[in-house]
**Q** 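Encoded as C-alpha cells, here's the structure I'll be asking about.
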Protein chains: 2
Amino acid sequence: MTRLRLVLVDDHAMFRAGVRAELGDDFDIVGEAANVDEAIRVIRETTPDVVLLDVHLPGGDARAVLEGCLSDVPATRFLALSVSDAPDDVVATVRGGARGYVTKAISGPELREAIQRTADGDAVFSPRLAGFVLDAFAGGAAEHDEEIDRLTPREREVMRLIARGYTYREVATELVLSIKTVETHVSAVLRKLQLSNRRELAQWASDRKLI
Amino acid sequence: MTRLRLVLVDDHAMFRAGVRAELGDDFDIVGEAANVDEAIRVIRETTPDVVLLDVHLPGGDARAVLEGCLSDVPATRFLALSVSDAPDDVVATVRGGARGYVTKAISGPELREAIQRTADGDAVFSPRLAGFVLDAFAGGAAEHDEEIDRLTPREREVMRLIARGYTYREVATELVLSIKTVETHVSAVLRKLQLSNRRELAQWASDRKLI
DNA sequence: GGGCGAATGGGGGACTTTCCCTGATGTGGT
DNA sequence: ACCACATCAGGGAAAGTCCCCCATTCGCCC
C-alpha cells in the first residue's frame with residue numbers, strides 16, 4: 001500500500017521539523033507551508049490525502065485556509081493541530097470543515113494514528129475537545145441567550161459592575177443610587193439568571209464576555 | 001571543545017522532537033521535561049549549560065521552574081522559548097531569571113546561535129521582544145518593588161489567590177490550610193503593603209500584573 | 001543553647017457585605 | 001386602569017472580612 005501523502009501547515013519551522021522527524025518514515029510529506037496563502041497554494045498543487053493544519057497562522061487562521069481550498073480538493077481531509085484547546089477555536093475550525101482537532105500535546109504514535117484515522121474518514125478529537133463540538137451542535141443554535149434579554153437596561157448596567165467586583169455601595173456611588181436600589185436590581189438579576197451569588201454572576205458574565 | 005549540555009522543557013513531545021532533530025548533532029541533550037516539577041528535578045540532576053524553557057507549562061509557568069531551581073544551579077543559563085510574544089510573558093519570564101527569550105518561530109540555525117550566545121553569557125531576544133523588556137525596565141526599574149520582597153513566599157501565594165477574588169475558605173481549600181492560617185497570611189500581607197482590604201489588594205496586584 | 005523568622009492554627013470580636021423578604025412611591029406607555 | 005420599570009425603605013439571617021490575642025513547630029544563624 002502506498003504511503004499517505006501529507007501537507008504540514010504551521011508557522012513554526014521547529015514544529016514542522018518535529019513532525020517530519022516523528023512521521024517522515026511513515027508518511028510522504030509532499031509539502032509544507034507557514035502561512036495562509038502559501039498553504040492554499042501548496043494544498044491545491046499537491047492535493048494531499050491529509051493536511052495537518054495549525055489553527056493560528058500569520059495572515060489568518062485555519063478557517064481561511066479551509067475556505068480557500070476545501071472545494072478544490074474534495075478528497076483531502078484536514079486535521080487541525082493546535083496549541084489552543086479553546087472551545088471557540090475548536091468549534092470554529094470544525095465548522096470551517098476540519099475533520100478532526102488534536103492538540104500539540106499529542107505524542108508521535110498518537111498523531112500517527114490520528115492521521116491514519118482521519119484519512120479513513122473518521123473524526124478524531126482529543127478527548128476533552130470532543131465535548132465542545134457536541135455541546136455546540138446540541139445546544140448552541142436555538143436559544144440566543146434569551147436569559148439576558150429578560151434583564152432590564154438598568155439591571156444590565158448594575159450587573160456589569162457587580163460582575164467586576166464592585167460592592168453594592170460602590171455601585172450605588174457610581175450610578176448615583178441608594179444601596180437599597182442596587183440590592184433590588186441585583187436580586188432581580190440573580191433571580192432571573194437563576195444564580196445564587198455574585199461570584200457565579202461574575203463567572204456568568206465572564207463566560208459571555210460581558211465584562 | 002565539549003558540546004554544550006542542554007535540557008529541553010516543553011509540554012509538547014512533538015516540539016521536543018523537533019529541537020532534537022534540529023540540534024541533536026550539535027548539542028548534548030542531557031534531559032527533557034514536560035511539566036514544572038519534572039523540569040526542576042531534571043535540571044537539578046543534570047546541571048546543564050543551557051535550559052530551553054517553554055513559558056506555558058502544565059502545573060505552572062516558566063517562573064515556577066526558575067524559582068524552583070535557579071539558586072541551585074548558578075552556572076546554568078535559561079533561554080525561554082515560547083509561542084507567546086505577549087509583553088507580560090516576556091517581562092515576567094525575564095524578571096524570573098531567564099537570560100533570553102525567543103519565539104518558536106525561530107529557525108534551526110538561529111536557535112543554534114541563540115543557545116551558543118546564551119551559554120556565553122549574552123542576552124538573546126527575538127528582535128521585537130527586546131523592546132518590551134527595555135520598556136519595562138525604563139518605566140520603573142529603580143525601585144524594584146521593595147514592598148513585594150518583604151512578603152514571604154507563602155504570603156505571596158495566598159496574596160495571589162485573594163487578589164483573584166477567592167474567599168478565605170476557598171484559599172484554605174486550595175492550599176490545604178485552615179482558614180485561620182489564611183487569615184494570618186492575609187493580615188500580614190495587608191499590613192506589609194499598607195493596604196486596608198482585599199479590594200485594594202486586588203488593585204495592587206493588578207497594577208503589578210501579578211494576577 | 002538561645003533567639004528569630006516562617007508557617008501553622010485556635011478563640012474571639014467588631015464590622016461589613018450579601019442576599020432575601022415585605023413593603024412603598026412615581027413615571028411612562030398602552 | 002393596568003403594567004413594567006425604576007426608585008427607595010426596614011429588617012434580618014448568614015457569610016465573609018479584618019483585627020486582636022495566643023500557641024506550637026521547624027529550621028536557621030550566631
Side-chain angles (χ1 to χ4, degrees), chain A residues 145-206 210-211, chain B residues 37 40 44 60 64 67-72 74 145-206 210-211:
Chain A
D145 252 346
E146 294 172 10
E147 285 180 313
I148 199 174
D149 292 341
R150 301 175 51 194
L151 300 184
T152 67
R154 200 57 159 169
E155 284 166 354
R156 274 193 282 271
E157 201 167 358
V158 172
M159 179 267 290
R160 246 187 296 269
L161 295 176
I162 291 297
R164 287 193 193 185
Y166 285 51
T167 65
Y168 293 173
R169 170 166 287 112
E170 289 167 329
V171 174
T173 302
E174 182 77 14
L175 300 181
V176 197
L177 293 176
S178 90
I179 294 182
K180 280 300 183 181
T181 304
V182 177
E183 288 186 40
T184 302
H185 288 316
V186 172
S187 286
V189 170
L190 292 178
R191 183 170 26 79
K192 288 181 179 177
L193 301 182
Q194 293 177 284
L195 304 172
S196 53
N197 60 54
R198 59 178 303 131
R199 292 281 310 275
E200 288 182 14
L201 180 57
Q203 186 61 49
W204 183 90
S206 166
L210 300 177
I211 48 175
Chain B
D37 295 338
I40 294 174
R44 281 181 175 159
E67 281 176 23
C69 59
L70 198 54
S71 56
D72 298 322
D145 252 346
E146 296 170 9
E147 286 179 312
I148 199 174
D149 290 343
R150 302 174 51 193
L151 300 185
T152 68
R154 201 55 159 170
E155 285 167 355
R156 274 192 282 272
E157 202 167 356
V158 171
M159 178 268 290
R160 246 186 295 270
L161 295 176
I162 291 296
R164 287 194 193 182
Y166 285 50
T167 65
Y168 292 173
R169 184 181 307 282
E170 289 167 329
V171 174
T173 301
E174 182 78 13
L175 300 181
V176 196
L177 293 176
S178 89
I179 293 183
K180 278 301 184 177
T181 303
V182 176
E183 287 185 38
T184 302
H185 288 316
V186 171
S187 287
V189 170
L190 293 178
R191 181 169 28 79
K192 288 180 179 178
L193 301 182
Q194 293 176 284
L195 303 172
S196 53
N197 59 55
R198 59 176 304 132
R199 291 282 314 279
E200 289 183 15
L201 180 57
Q203 187 62 48
W204 184 90
S206 167
L210 299 176
I211 49 175

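Order of the sequence lines fixes the chain letters, A, B, ..., with proteins taken first and strands second; residue numbering starts at 1 for each chain.
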**Q** Testing the basics here: between A:Ala202 and A:Ala163, what is the closest heavy-atom pair and its distance to 0.1 Å?
**A** CB-O, 3.5 Å
**Q** If we ignore hydrogens and angles and just use 3.5 Å, is the side chain of B:Asn197 paired with the main-chain N or O of B:Glu200 as donor and acceptor?
**A** yes
**Q** Applying salt bridge (Lys or Arg N to Asp or Glu O under 4.0 Å), which residue pairs with at least one partner in residues 170-184 of chain A are found, sequence neighbours left out?
**A**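 Non-adjacent pairs meeting salt bridge (Lys or Arg N to Asp or Glu O under 4.0 Å): A:Glu170-B:Arg199, A:Lys180-A:Glu183.
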**Q** Counting the atoms with a prime plus P, OP1 and OP2 as sugar-phosphate, which does A:Ile179 contact under 4.0 Å by heavy atoms, base, sugar-phosphate, or nothing?
**A** nothing
**Q** So A:Leu201 and A:Val189, do their side chains get closer than 4.5 Å, heavy atoms only?
**A**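 Yes, their side chains come closer than 4.5 Å.
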**Q** If the helix axis at each end comes from five base pairs, how far does the helix from C:dG1-D:dC30 to C:dT30-D:dA1 deviate from straight, to 10°?
**A** 30°
**Q** If every non-hydrogen atom of A:Ile179 is compared with every non-hydrogen atom of A:Ala172, which pair is closest and at what distance?
**A**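 Closest approach of A:Ile179 to A:Ala172: N-CB, 3.9 Å.
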**Q** Between the protein and nucleotides 25-30 of chain D, list the N/O to N/O atom pairs that are separated by less than 3.5 angstrom.
**A**
none

**Q** Is the backbone N or O of B:Leu151 less than 3.5 Å from a side-chain atom of B:Arg156, with the two atoms forming a donor-acceptor pair by type?
**A**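 Checked: pair present.
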**Q** Does B:Ile162 offer a backbone N or O that forms a donor-acceptor pair with the side chain of B:Arg198 under 3.5 Å?
**A** yes
**Q** Tell me: CG of A:Leu175 to P of D:dC8, nearest whole Å?
**A** 11 Å
**Q** Using atom names, set out every protein N or O paired with an N or O of nucleotides 24-30 of chain C below 3.5 Å, distance rounded to 0.1 Å.
**A**
none

**Q** Output the distance between atom CH2 (B:Trp204) and atom CG (B:Leu193), rounded to the nearest 0.5 Å.
**A** 4.5 Å
**Q** Would you compute the distance between atom CD of B:Glu155 and atom OG of B:Ser187 and round it to the nearest 0.5 angstrom?
**A** 10.0 Å
**Q** With sequence neighbours excluded, what pairs up with A:Thr181 under the side chain to side chain donor-acceptor pair (under 3.5 Å) test?
**A**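 With neighbours one apart ignored, the set is A:Ser178.
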**Q** NZ of B:Lys192 versus C1' of C:dA7: gap in Å, rounded?
**A** 11 Å
**Q** If you measure from OG1 on A:Thr184 to OH on A:Tyr168, what distance do you get to the nearest 0.5 Å?
**A** 10.0 Å
**Q** What does the B/S/- profile of nucleotides 15-20 of chain D look like, 5' to 3', with a 4.0 Å heavy-atom cutoff to protein?
**A** -SSBB-
**Q** If you round to the nearest 0.5 Å, how far is NE2 of A:His185 from CD of A:Glu157?
**A** 9.0 Å
**Q** According to a strict under-4.0 Å criterion, is A:His185 in side-chain N/O contact with OP1 or OP2 of D:dT7?
**A**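 So the side chain of A:His185 is within the cut-off, an N or O lying under 4.0 Å from OP1 or OP2 of D:dT7.
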**Q** Counting the atoms with a prime plus P, OP1 and OP2 as sugar-phosphate, which does B:Thr181 contact under 4.0 Å by heavy atoms, base, sugar-phosphate, or nothing?
**A**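 Base contact.
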**Q** Kindly indicate, with the supporting measurements, whether the criterion side chain to side chain contact (heavy atoms under 4.5 Å, CB included) is fulfilled by A:Arg154 and A:Leu177.
**A** CA-CA 11 Å; A:Arg154 200 57 159 169; A:Leu177 293 176; 3.5 Å; yes
